[in-house]
Amino acid sequence: MLKLFDMKTLAAPKCSVLLLESLKEVENYFLGVDSKNPLAFDYETTGLAYDAIPLGLSLCQVTSDTSVFIPYNYFFTKGLESEGIAKLCNKYFKGKKLIAHNAKYDSMIGLMNGFSDSSMEIYADTLVMVHLYDSSLDKNLEQRVFQDFKYRKQSFSEICGKKWNKIDWDKEGDSLLEMLAGYSGEDTFWTCRLYQKYSIMLDEQLWKIHDKIELPNIKILRDAKIRGVLMDIPLLKQMGRQLDSYLEKIESDIYSEAGCVFNLNSPKQKQEVFFQKMKLPIVTTTGKGSPSTDSGTFDTWAEQGIRVGELLSEYSTLNKLNSGYVRAIPELVDNKNVLRGDINSCGTDTGRCSSSNPNLQNQPNSDQFPVRKAFIPRAGYVFINRDYSQLELRILAELSRDKNLLDVFKQGGDPHSDVAHRLGISRSAAKTVNFGVIYGLGPDNLARKLDISSKEASKIIDHDYVKAYPGVYSWKQRVQQYAKKHYYVRNYFGRIRRLPGVVSGSNYEYFSALRKAVNTTIQGTGADIVKLATVKTVESLRKNGLDAHFLLQVHDELLFEVREDQAILAEQIIINGMETAVKFSIPLLTDGKIILNWSEMKDSDIVSVPYRFSYVLSGLI
DNA sequence: GCGTCACGCCT
DNA sequence: CCCGGGCGTGACGCC
């Protein structure tokens with residue numbers, strides 16, 4: 001499984017760069033490339049967006065200390081035509097062992113500039129390799145090169161520290177080109193060095209995750225970004241106008257109640273007004289120990305009949321929604337109202353994906369604020385949305401082999417009710433206990449959550465639950481012992497999370513590491529199941545020739561856009577792909593439906609949104 | 001301009 | 001101070 005390279009021909013860590021000035025020179029370079037050894041490629045572009053303009057493409061063989069740079073003709077007078085470059089690369093990339101540092105990005109730029117998917121088969125991604133080896137390492141190429149090889153690479157901003165539209169290309173073009181070639185050539189050269197270093201640091205299990213889970217998943221995330229999701233911008237604008245008018249009214253009423261005007265978004269000013277001037281009671285404190293002005297505090301005040309509490313709670317919720325989502329999203333769509341967020345496969349320590357620009361994984365999902373209603377399929381398409389039911393508890397059952405927990409799922413029962421029944425507590429309390437088992441909730445926090453004494457909480461955790469599910473308890477013990485022995489844990493697929501905290505002198509770090517050991521094993525197994533399910537499902541949709549497109553994932557949920565008339569078949573394929581992603585002794589089940597927007601809401605539009613705020617409904621506006 | 005805090009949205 | 005894992009906003013302090 002190890003990807004070997006020829007040790008005898010290892011290049012010395014010193015790089016020279018050749019500027020290729022004609023397609024003939026490019027072709028000659030390719031003719032000299034040995035297909036047996038990895039070939040690094042790296043784009044330089046005008047930005048990070050999917051439609052960034054390529055400035056040039058650098059290539060370097062892992063066995064060579066010379067990289068080449070192919071300039072594009074958008075700016076450089078010596079640059080080559082995009083079509084010509086694509087034609088040659090489509091021919092000569094085939095059969096090569098392509099490597100890149102963040103192949104999701106470079107292959108996206110390639111796809112957008114005439115490279116075919118089939119010619120860009122990625123052999124290894126050094127960013128993924130670093131992440132799989134140790135997720136806590138800096139993954140940035142500059143940082144990695146410095147930390148691994150003590151070499152100070154030029155940073156991109158040093159080369160091109162100015163706005164592209166401000167460059168006088170006639171005057172500066174040639175010198176810029178030389179600097180860019182040098183910079184880019186170094187990138188591929190050091191990508192090769194990283195490949196060599198990390199290829200021998202990954203074991204068979206990690207390589208398998210890289211090959212079978214990460215690389216195929218990355219292609220899907222790349223394609224999803226290129227496609228993007230259509231947004232109902234008029235709906236968001238309308239919501240925004242309504243929120244503005246609500247906020248304006250609430251704000252002035254708060255100032256009246258407080259008897260002064262201040263910045264409602266400044267925790268510091270709020271503290272002054274509420275605690276020093278108005279002498280309102282402190283409910284909780286922040287991490288730093290100062291009195292908190294969060295929405296929980298406001299709600300407590302409201303319960304105590306302090307009117308400003310209700311107003312403040314309304315303000316903070318509405319303002320969050322407005323500034324964080326309703327106002328932010330229209331700034332990010334293209335001229336066709338298509339949103340292209342990033343989903344990053346190497347963004348977390350557990351193996352989950354993260355998302356940004358915008359974060360597609362924290363879009364509000366409440367009945368009151370249907371921001372997800374603004375995520376809509378294109379004309380002629382529908383959304384198919386499916387999420388795993390109790391994925392993490394099923395994983396806990398499977399990994400721990402606890403008989404009682406396994407039986408719940410074998411018999412199609414409800415794990416929360418089972419806990420409630422066995423522990424003699426309410427279903428809602430049982431749900432909290434189940435979350436606590438997965439997250440490593442301690443007695444004090446459970447007590448606070450359930451509003452019971454620490455002693456009662458201790459009894460639930462250390463006695464009642466252990467007695468009801470002894471296999472879960474002993475499995476957790478084994479996972480923590482393993483972590484203490486190896487300084488890392490592995491999930492079901494062998495993905496590693498390093499936990500140096502298990503030998504920390506600090507009590508908090510130590511117990512935190514033990515909680516992470518348990519949580520990462522479960523959460524990370526879930527993450528890899530979802531990634532596998534994505535790969536399997538997308539592959540199956542493609543094989544069936546369906547006009548169906550993966551759009552995004554939210555940890556245990558997948559969203560697809562499918563041509564209307566193919567929705568029923570596509571849904572069956574998606575269900576099958578997700579539910580058979582991994583073979584467990586208990587079934588993995590999914591819920592979901594075919595929908596016309598991403599909201600869970602079934603009726604009503606923004607005009608009649610049933611805002612829960614009595615203030616708003618009381619006719620004061 | 002950049003990092004940190006406090007806060008709050010998701011799972 | 002802290003139950004796991006994220007990201008974005010606004011304020012504020014530092015440079």
Side-chain angles (χ1 to χ4, degrees), chain A residues 135 157 161 262-271 284-298 312-313 315-329 331-332 341-366 368-369 371-372 387-392 396 432-450 457 461 489 497 499 501 506-527 530 552-557 598 600:
Chain A
S135 63
S157 57
F262 56 101
N263 186 344
L264 273 168
N265 297 318
S266 164
K268 203 180 155 190
Q269 290 184 38
K270 281 190 281 189
Q271 275 173 31
T284 55
T285 52
T286 67
K288 213 185 101 197
S290 54
S292 180
T293 56
D294 61 9
S295 71
T297 301
F298 302 150
L312 288 165
S313 182
Y315 178 87
S316 76
T317 305
L318 292 174
N319 188 54
K320 170 76 176 179
L321 179 77
N322 200 27
S323 63
Y325 305 95
V326 173
R327 294 286 169 192
I329 287 174
E331 301 295 316
L332 294 169
D342 254 0
I343 299 179
N344 181 0
S345 204
C346 300
T348 74
D349 291 335
T350 58
R352 271 189 180 179
C353 291
S354 67
S355 170
S356 57
N357 303 307
N359 184 348
L360 298 166
Q361 295 177 322
N362 75 344
Q363 294 302 314
N365 194 21
S366 68
Q368 286 76 29
F369 306 118
V371 170
R372 291 193 186 195
D387 64 280
Y388 284 103
S389 62
Q390 290 124 3
L391 179 60
E392 293 186 337
L396 176 62
T432 304
V433 170
N434 271 334
F435 271 104
V437 171
I438 291 168
Y439 294 158
L441 201 61
D444 288 346
N445 289 301
L446 182 66
R448 213 180 39 196
K449 283 260 184 199
L450 295 182
I461 294 172
V489 288
R497 178 176 187 180
L499 294 165
S506 140
N507 248 359
Y508 176 70
E509 288 301 323
Y510 174 75
F511 287 111
S512 173
L514 294 184
R515 283 196 299 272
K516 286 170 180 170
V518 172
N519 175 254
T520 295
T521 308
I522 300 168
Q523 187 186 115
T525 298
V530 172
L552 57 90
Q553 64 119 294
V554 190
H555 309 314
D556 65 355
E557 164 189 0
W598 195 20
E600 296 300 313

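Note that the structure is predicted; figures quoted are calculated from it, not measured. First the proteins, then the strands, lettered A, B, ... as listed; each starts at 1.
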(request) Examine distances only and state if a side-chain atom of A/Ser355 and a backbone atom of A/Leu360 form a donor-acceptor pair shorter than 3.5 Å. (result) yes
(request) Send over the distance from A/Glu392 CD to C/dG4 C1', rounded to a whole Å. (result) 8 Å
(request) Output yes when a side-chain donor or acceptor of A/Ser323 lies under 3.5 Å from a complementary backbone atom of A/Asn319, and no otherwise. (result) yes
(message) Using a 3.5 Å distance criterion without hydrogens, assess whether the side chain of A/Tyr325 forms a donor-acceptor pair with backbone atoms of A/Arg372.
(response) no
(request) Answer yes or no: side-chain N or O of A/Gln523 and base N or O of C/dG5 forming a donor-acceptor pair under 3.5 Å. (result) no
(request) Whole angstrom is fine here: how far is it from NZ in A/Lys449 over to C1' in C/dG4? (result) 11 Å
(request) Would you indicate what A/Arg327 reaches in the nucleic acid, counting non-hydrogen atoms under 4.0 angstrom: base, sugar-phosphate, or nothing? (result) nothing
(request) Working to the nearest 0.5 Å, report the span between CG of A/Asp556 and CD of A/Gln390. (result) 10.5 Å
(request) Check A/Gly501 against A/Ala513 and note the closest heavy-atom contact, atom names and distance. (result) C-CB, 3.6 Å
(request) Please name the pair of heavy atoms, one in A/Glu392 and one in A/Ile522, separated by the smallest distance, quoted to 0.1 Å. (result) O-CG2, 3.5 Å
(request) May I have the distance from A/Asn445 (atom CG) to C/dC1 (atom C1'), rounded to whole angstrom? (result) 11 Å
(message) Measure NZ/A/Lys516 against C1'/C/dG4 and give the value in whole Å, please.
(response) 9 Å
(request) On DNA chain B, reading 5' to 3', which nucleotide is the first and which the last to sit with an atom under 4.0 Å from a heavy atom of chain A, could you check? (result) B/dA6 to B/dT11
(message) Return whichever of A/Thr285 or A/Thr348 has its heavy-atom-nearest nucleotide of DNA chain C closer to the 5' end.
(response) A/Thr285
(request) Flag yes if more than 12 heavy atoms outside A/Phe435 fall under 6.0 Å of its CZ atom; otherwise flag no. (result) no
(request) Name the pairing partner of B/dC2, where a pair is Watson-Crick or G-U wobble with both distances under 3.5 Å, or state none. (result) C/dG13
(request) Using the C1' atoms only, state how far C/dG4 lies from B/dG3, rounded to an integer number of Å. (result) 25 Å
(message) Protein within reach of the bases, or only the backbone? For nucleotides 7-15 of chain C, mark each nucleotide 5' to 3' as B, S or -, using heavy atoms under 4.0 Å.
(response) SBSSSSS--
(message) Any non-hydrogen side-chain atom of A/Leu396 less than 4.5 Å from a side-chain atom of A/Asn434?
(response) no
(message) Just by distance, no angles: are the side chains of A/Ser135 and A/Asp349 close enough, under 3.5 Å, to form a donor-acceptor pair?
(response) yes
